[in-house]
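Just so it is clear, the values below take in all heavy atoms, side chains as well, and ignore hydrogens, waters and symmetry mates.
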Amino acid sequence: MCPMNSIHPSPGEPGFGTGASLFIDPRTCIDCGACADICPVDAAQPAEQAAAEDVERNAAYFAEKEPLDATDLDSWEAPSYQVWGGGPRRVLVVGAGPAGMYATRELLLRTTAEVTLVDRLAQVGGLVRYGVAPDHPSTKQIIESFERIARHRRVRWMPSTDATELQDSFDAVIHAVGARRSRRLGINGEDAACSAEDFVAWYNGRPGAALPVELVGPRAVIVGNGNVALDVARILLSDEERLRRMDVSQSVRQTLAASGIKEVVLLGRRGPDEAAYTQPALQELLTAAGDRVELRYHARPTDWTSAGLALDDGTSIAAGNLFTAIGFEGKPIDGLPFDPDRGIVPNVRGAVVGHPGHYVAGWIKRGARGGIGVNKACAQETVMALVSSSRGPASPGS
């Protein structure tokens, strides 16, 4: 599961499968949380939450070991299933975010395919580059891995490219286009609010992104209880000194510093037990902002006006800005089926239903859930379906 191959001993290393413990290399770990999500006994924890003796044992394991170069394709593990034979094939991968890059990696490892990789943006990385908060630089380390994959001799990297007219030239197409569009609340006045998609793209400097609203203090309301909502709150409440330490442009720093926002209300429509944020993310926000954050639950907004946010219980919250961070959804892909309720292209383990030769990976395959590391296993499943496909029609499913 680990996108950086930071967990050891790994398959092929001495001690794999025989010891009582696995160890996480803190020099290459990007804190994506993939191992914590999948660990069946909750043994994978941030260092600040683990027992002191476990942290010491983990550090001692790596004390005299060099960090693994997880980006070197020539040293990765041997294929674990039958490679795609019969000579080179041509595969198009649409999208250079985590799902597309891991799909490309799997194709290079498991097949003899020549891969054409396209993206509408000029650089690889997708939401790692333009979605990860700027005060989490370690997470962005993985971009270097993606850039090296794009430089592989069997990859033709085509940035700033629309893939629509290219698809007929390939034996197979993997659509890894994500689910970038923010979900809507469906309340009156929502068009005057700022979505997480727009705000995050602005402070991360995504090409063409602009802040669609004026930031007005002293209070902002954020509807949403996921990690993105907490990121938005943390950035809004960062002081000038903290902003200077972030990888953001001078204009972003100046706009945030001049906003006058001193308090944030995080609004959850359900209870705290159903909140989607992780405990480390919540602790980070409380450490950074503390008494300037109010967490409210079981609150349903109905109207947003210049006076503030009205709730269905008849109360309101006075605020200068409303931000919505209630998740993302996929958009239909021309020529492919689409399930609007789930926001995905219907598929069987990545093979698009009724469209032989077309595959999906990432959020457009499974819905907008799961972090960076989950895309590794997701892409492996998709490429497995591609490799083993007889090019017959897929069966209905998801």
Show me the donor-acceptor pairs within less than 3.5 Å that the side chains of residues 203-215 make with the rest of the protein, sequence neighbours left out.
unit_1	atom_1	unit_2	atom_2	d
Asn204	ND2	Tyr130	O	3.1
Asn204	ND2	Val132	O	3.1

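The nearest pair of heavy atoms linking Gly350 to Thr382 is CA-OG1, 3.7 Å. Taking both residues in full, the closest heavy atoms of Val93 and Gly100 are given as CG1-O, 3.6 Å, listed atom of the first, atom of the second, then distance. Contact detail for Leu267 and Pro301: the closest heavy-atom pair is CD2-CD, 4.4 Å.
Under 4.0 Å is where a charged nitrogen must lie from a carboxylate oxygen, and between Asp191 and Arg184 at least one such pair does. At a threshold of 4.0 Å, the pair Lys365-Glu381 counts as salt-bridged, since one of the basic side-chain nitrogens sits closer than that to a carboxylate oxygen.
Looking only at side-chain heavy atoms (C-beta outward), Val115 and Phe170 stay at 4.5 Å or farther from each other. Pro272 has its side chain out of reach of Asn225: every pair of non-hydrogen atoms, C-beta onward, lies at least 4.5 Å apart. For the pair Cys35 and Cys2, the minimum side-chain heavy-atom distance is 4.5 Å or more. Side-chain contact between Arg253 and Gln250 is present, with at least one heavy-atom pair separated by less than 4.5 Å. Proximity of Ile174 to Leu92: side-chain heavy atoms (C-beta onward) are nowhere separated by under 4.5 Å.
Ser259 pairs by the side-chain hydrogen bond (donor to acceptor under 3.5 Å, both in side chains) definition with nothing, not counting sequence neighbours. Every residue two or more places apart in sequence or in another chain that forms a side-chain hydrogen bond (donor to acceptor under 3.5 Å, both in side chains) with Ser21 is listed here: Arg57. Partners of Asp339 according to the side-chain hydrogen bond (donor to acceptor under 3.5 Å, both in side chains) rule, which considers only residues two or more places apart in sequence or in another chain, do not exist here. With sequence neighbours left out, the side chain to side chain contact (heavy atoms under 4.5 Å, CB included) criterion links Ser195 to Ser182, Glu197, Asp198, Thr324. Looking at residues two or more places apart in sequence or on another chain, you find a side chain to side chain contact (heavy atoms under 4.5 Å, CB included) between Glu114 and Pro88, Arg154. Partners of Ala96 according to the side chain to side chain contact (heavy atoms under 4.5 Å, CB included) rule, which considers only residues two or more places apart in sequence or in another chain, are Met101, Leu117, Asp119, Val124, Trp157. Listed by chain and residue number, Arg129 satisfy the side-chain hydrogen bond (donor to acceptor under 3.5 Å, both in side chains) test with Glu147 (two or more places apart in sequence, or in another chain). The side chain to side chain contact (heavy atoms under 4.5 Å, CB included) search around Thr278 returns Asn227, Pro280, Ala281, not counting sequence neighbours.
Proximity of a side-chain donor or acceptor of Asp171 to a complementary backbone N or O of Val91 within less than 3.5 Å is not detected. No donor-acceptor pair under 3.5 Å is formed between the side chain of Asn375 and the backbone N or O of Cys378. No donor-acceptor pair under 3.5 Å is formed between the side chain of Asp54 and the backbone N or O of Ala52. In this structure, Arg183 contributes its side chain and Gly327 its backbone to no donor-acceptor pair below 3.5 Å. The closest donor-acceptor contact from the side chain of Asn347 to the backbone of Val360 lies at 3.5 Å or more, if one exists at all.
Ile372 and Trp363 are assigned to two separate hydrophobic clusters, defined by single-linkage of ILVMFWY side chains at heavy-atom distances under 4.5 Å. A single hydrophobic cluster is not seen to contain both Val265 and Val228; linkage of ILVMFWY side chains at heavy-atom distances under 4.5 Å, directly or through other members, places them apart. There is no path of hydrophobic side-chain contacts, each under 4.5 Å, that joins Val293 to Val221.
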(Q) Run Leu311 and Thr302 through side-chain contact (heavy atoms from CB on, under 4.5 Å) and show every step you take. (A) CA-CA 5 Å; Leu311 306 178; Thr302 57; 5.8 Å; no
Q.
Working note: Ile187 + Leu309, criterion side-chain contact (heavy atoms from CB on, under 4.5 Å); need CA distance, chi angles, decisive distance, verdict.
A. CA-CA 10 Å; Ile187 65 171; Leu309 184 65; 4.1 Å; yes
(Q) Assess the residue pair Trp202 and Thr255 against the criterion (side-chain contact (heavy atoms from CB on, under 4.5 Å)); give the C-alpha distance rounded to whole Å, side-chain angles, the decisive distance to 0.1 Å, and a yes or no. (A) CA-CA 11 Å; Trp202 169 72; Thr255 301; 3.8 Å; yes
Q: Would you please test Arg245 and Asp135 for salt bridge (Lys or Arg N to Asp or Glu O under 4.0 Å) and show each step?
A: CA-CA 8 Å; Arg245 298 197 298 268; Asp135 54 351; over 6 Å; no
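The local environment of NZ in Lys331 is sparse, with at most 12 non-hydrogen atoms from other residues, nucleotides or ligands closer than 6.0 Å. More than 12 non-hydrogen atoms from other residues, nucleotides or ligands lie less than 6.0 angstrom from CZ of Arg120.
Relative ring orientation between His358 and His175 is described as parallel, the plane-to-plane angle staying below 30° on a 0-90° scale split at 30° and 60°.
To the nearest 0.5 Å, atom CG of residue Leu237 and atom CD1 of residue Ile261 are 8.0 Å apart.
The salt bridge (charged side-chain N to carboxylate O under 4.0 Å, His left out) analysis of residues 280-296, with sequence neighbours excluded, yields the pairs Arg234-Glu284, Glu294-Arg296. The ring-ring contact (aromatic ring centres under 6.0 Å, His included) pairs that include a residue from residues 269-315 number zero, where partners must be two or more places apart or lie in different chains. Screening residues 15-48 for ring-ring contact (aromatic ring centres under 6.0 Å, His included), with sequence neighbours left out, gives Phe23-Tyr61.
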